[in-house]
Asker: 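One structure, pasted below without further comment.
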Amino acid sequence: MKVAEVIVDVSAYPIDRPFDYLIPEEMQELIEMGCRVKVPFGPRNVLGFVTEIKDTTEVPVDKIKSLSQLLDITPVLTTEMLKLAKWLKTETICYEIDALQVMLPSALRAKYEKQVSLLTDVEQLPILLQPYFQRATKVNYKAFEKDGMLHDLKRAVKDKQLVIENIVKQKGNIKEIRKVKINESIETLQKILGNISKRARKQQQLLQWMMNHVGEVFDLQDILTDTNTSQAVLQAVIEYGGAEFVQEEVYRDPFSKEVKKTISLNLTDEQENALQKITNSIKNRISETFLLHGITGSGKTEVYLQAIEQCLLEGKEAIVLVPEISLTPQMTDRFRSRFGELVAVMHSGLSVGEKYDEWRKIHEGKVKVVVGARSAVFAPFRNVGIFILDEEHESTYKQEDAPRYHARDVAIWRSEYYQCPVILGSATPSLESFARAKKNVYTLLTLKERALKQSLPTVHVVDMRNELKNGNRSMFSESLVEAIRTRLEKKEQMVLFLNRRGYSSFVMCRDCGTVVQCENCDISLTYHRSNEKLKCHYCGYEQRVPKTCPQCQSDHIRYFGTGTQKVEEELTKLFPEAKVLRMDVDTTKTKGSHEEILEAFGKGHADILLGTQMIAKGLDFPNITLVGVLSADTSLHLPDFRSAEKTFQLLTQVSGRAGRHQLPGEVIIQTYTPEHYAIELAKEQQYEPFYEREMWMRHQAGYPPYYYLALVQISHEDIMLASEYAQKTVDFLRSNLSFNVSIIGPTASSISRVQNRYRYQCLIKYKVEPNLIETFIQLIKLYRSDWIKKGILLTVDLNPSSI
DNA sequence: AGCACGCCGACT
DNA sequence: GTCGGCGTGCTC
């Protein structure tokens, strides 16, 4: 007897364990752990993953069922990943199935459809149902749902005229193109040539050519142009058996352009020293985590590239993570130009099919290097030699929904499995990582000087309160206007940075002060000029701009705040001659628009690049000599303990965009609070003093890295129930956790209502609490077995990226 | 989660 | 007597 343990594709608490299935005879040779299978589960069919193969089972014979289909001949998950999923499950408190799914491209996930099949003759069906089965005996269930025919359908099912079947489909497919394969035997071709009509001159010509290419495979079009024949001629030859159409699997090409090959650059002593330590750990198979702290422009990427080169020499693979796709074009170009065809990319900008193809290149061993966003940390290599996280401090490395994993933790776990190094690179490391480096948990590598010996840009901080006193009410200070003007005259480029969060434009009534709010969420709607609409950034709700105030009917209603659109308008008013490129969520909606805008700017098609945080990092153009930060305060006053850290990082990052090449750079930071340490120290680009200062603050307030955090969120449509269960949660935690743990809350979340649900949260701070995970599991059990029925939604996020 | 089953009130 | 509403329980 052969039995498979299967984790089925159902995210629910009582299902979160393996189920045993008998393996049918015909699958026994092929099946392996990590394969996907189709299984009957209760009344339906679902997809599942084989996690174990064994010879016995405890399940009584009358209960056990058999696998219905094997979906993979080669497993899609390695045994490493099955182990990793178990770890993720306990580490982030998620369902095992969610942990497994997150490692695969969405193309491999199941799509469930219900299908209605005919059991009798069409004529015997009720008249109303007959039209559906005129052409086919199987019809999609949705068709009946749409027409409101479910009653009639149900009756026909009862009468055994129809059956409803659950079918499982794969979401994405391998792209195939039709090619032409020339017959392998020259004799056959000769025979055909002898048999065809003497008048068929084109066919003879084609056959002659084919005899020089026996057994080869060509694109249809290539044959036609090469032999100067038409498709009709080829068709005839194919009918005689001279060639055949074949389907060939192809990879979709996510790279829009070619890149030039580059070779290793000479390293500075600092870089060389860092590289030595990393390669030492690759060669000696040591799982060691390095924190590569290098100021902007110090050439971290070159160190990555050469470390990867070492890796490839050792016959191993490399996984490189970058925070966002905005970074990817320039970053991936650098990797592709060094490693060419050996690079796969993985980011959210790719289509489902493209992601699947990139994944397959990795899975099939066609590539050795992957450059990608967070989920690329699961790239299915089998012999990884290095993990690299660039811009290690970025919060995008933490997934916000289940499984709530941090890419850094996964990388470190995998590096222990492969006995290889992890490189965390940043100009402004997260406090957590820097603290670990100081405690020698990570090995600190420092790059203090810029690779091309350029000086750091001069940074000026402008106190906007003085501007206001002097009667300047615009969003541009006098010094910024002056700086822009001189750059325009000198034909140099500049970047203007606007942190949109919290300050996007809203619509307010000047008489009663009412701000137009979202119907579903307690948040003001954002004004979008492009389509004259108000939009909610949380739930996507849209409405037209009202002509009169909804509260007091006054028509003194108008726009406030500074969105990028408004800045652009003012900018063109002040400098009509300047060419401005705007980069924000609106202008980068379509695929590839990111690259287009950056490329246009790189080619000098504009003087000013204006954008939100997405332009803060990565871009590296020689002609940028001015960076302006319109309002440094916005991120400083967010209700989050990391706001100072975030602001410091952001300012340092944007400042690093200026003067990266020959021309010296200047940075102008506008703020209402110039005395804040995050701004003062960012001005001087002083990481360590900032670190010391911020660590002291964290120590005082009991935040990471001194304490660990866990965030429990509770929401319900009814505010009373939400608050009641939030209190219950806190009571439960208080009675189960020790006194060393501080439990803060319940408090209403900063945006108290989202999508018509009232949100509460409580924050848990702890140092060591062996009981913690178990207590959360108990809390979740309580929630899943009881509270969930009342409509409560509860989530636990260990080490949240923001609160 | 998603589905069947079964109990109960409303309506032909 | 039948239909369909929703609470309950199970899934190898």
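Chain identifiers are assigned alphabetically (A, B, ...) following the order of the sequence lines, protein sequences preceding nucleic acid strands; residue numbering begins at 1 within each chain. All values reported here derive from a predicted model rather than from experimental measurement.
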Asker: In this structure, how many angstroms lie between the C1' atom of B:dA1 and the CG atom of A:Asp98, rounded?
Answerer: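 Atom-to-atom, A:Asp98 to B:dA1, this comes out as 11 Å.
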Asker: Once you round it to whole Å, what is the distance between P of B:dC3 and CD1 of A:Ile15?
Answerer: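 So the CD1-P distance, A:Ile15 to B:dC3, works out to 13 Å.
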Asker: Would a distance-only check, ignoring hydrogens and angles, find a side-chain to backbone donor-acceptor pair under 3.5 Å from A:Thr57 to A:Asp20?
Answerer: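 Side chain of A:Thr57 to backbone of A:Asp20: no pair is present.
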Asker: When you measure from the side chain of A:Lys63, which nucleotide among B:dA1, C:dC12, C:dT11 comes out closest?
Answerer: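 Minimum distance to the A:Lys63 side chain belongs to C:dT11.
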Asker: Nearest whole Å is fine: how far is C:dT11 C1' from A:Asp20 CG?
Answerer: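 A:Asp20 atom CG is separated from C:dT11 atom C1' by 13 Å.
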Asker: Using whole Å, what does the distance between atom P of nucleotide B:dC3 and atom NZ of A:Lys154 come to?
Answerer: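 So the two atoms are 11 Å apart, to the nearest Å.
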Asker: Ring centres under 6.0 Å, that's the criterion: do A:Tyr356 and A:Tyr251 meet it?
Answerer: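 For A:Tyr356 and A:Tyr251, the ring centres are not under 6.0 Å apart.
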Asker: Check every strand shown and say whether A:Asn166 touches a base, only sugar-phosphate, or nothing at a heavy-atom separation below 4.0 Å.
Answerer: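 Counting heavy atoms under 4.0 Å across all strands, the contact made by A:Asn166 is with sugar-phosphate only.
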Asker: Rounded to whole Å, how long is the line connecting atom CD1 of A:Ile164 with atom P of B:dG2?
Answerer: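 Distance check: A:Ile164 CD1 to B:dG2 P gives 16 Å.
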Asker: Say whether, by atom type as modelled, one donor and one acceptor occur between the side chain of A:Asp72 and the main chain of A:Thr74 under 3.5 angstrom.
Answerer: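 Checking the backbone N and O of A:Thr74 against the side chain of A:Asp72, no donor-acceptor pair under 3.5 Å is found.
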Asker: When you measure from the side chain of A:Ala12, which nucleotide among C:dT11, B:dA1, B:dC3 comes out closest?
Answerer: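 Side chain of A:Ala12 sits closest to B:dA1.
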Asker: Would you find more than 12 non-hydrogen atoms of other residues, nucleotides or ligands less than 6.0 Å from A:Gln778 atom CD?
Answerer: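 More than 12 within 6.0 Å, yes.
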Asker: Using whole Å, report how far OH of A:Tyr95 lies from P of B:dG2.
Answerer: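 That distance rounds to 12 Å.
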Asker: Hey, can you pull the residues of residues 39-52 of chain A with a non-hydrogen atom under 4.0 angstrom from DNA chain C?
Answerer: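 Within residues 39-52 of chain A, the residues near DNA chain C are A:Pro40, A:Phe41, A:Gly42.
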Asker: Rounding to an integer number of Å, can you tell me how far A:Glu5 CD sits from C:dC12 P?
Answerer: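 In whole Å, C:dC12 P lies 15 Å from A:Glu5 CD.
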Asker: Parallel, tilted or perpendicular: which one describes the rings of A:Tyr418 and A:Phe387, with boundaries at 30° and 60°?
Answerer: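 Correct class here is tilted.
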Asker: Starting from C1' on C:dC12, measure out to CG on A:Asp62 and report it in whole angstrom.
Answerer: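 Answer to the nearest Å: 11 Å.
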Asker: With heavy atoms under 4.0 Å as the rule, sort A:Arg784 into base, sugar-phosphate or nothing.
Answerer: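 Answer is nothing: A:Arg784 stays at 4.0 Å or more from every strand.
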Asker: In terms of the angle between their ring planes, are A:Tyr397 and A:His406 parallel, tilted or perpendicular, with boundaries placed at 30° and 60°?
Answerer: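 The rings of A:Tyr397 and A:His406 sit tilted, inter-plane angle from 30° to 60°.
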Asker: Is there a side-chain hydrogen bond (donor to acceptor under 3.5 Å, both in side chains) between A:Ser106 and A:Gln101? Walk through the geometry before answering.
Answerer: CA-CA 8 Å; A:Ser106 60; A:Gln101 301 265 34; over 6 Å; no
Asker: Using a heavy-atom cut-off of 4.0 Å across all strands, would you classify A:Ile64 as base, sugar-phosphate, or nothing?
Answerer: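 Sugar-phosphate only.
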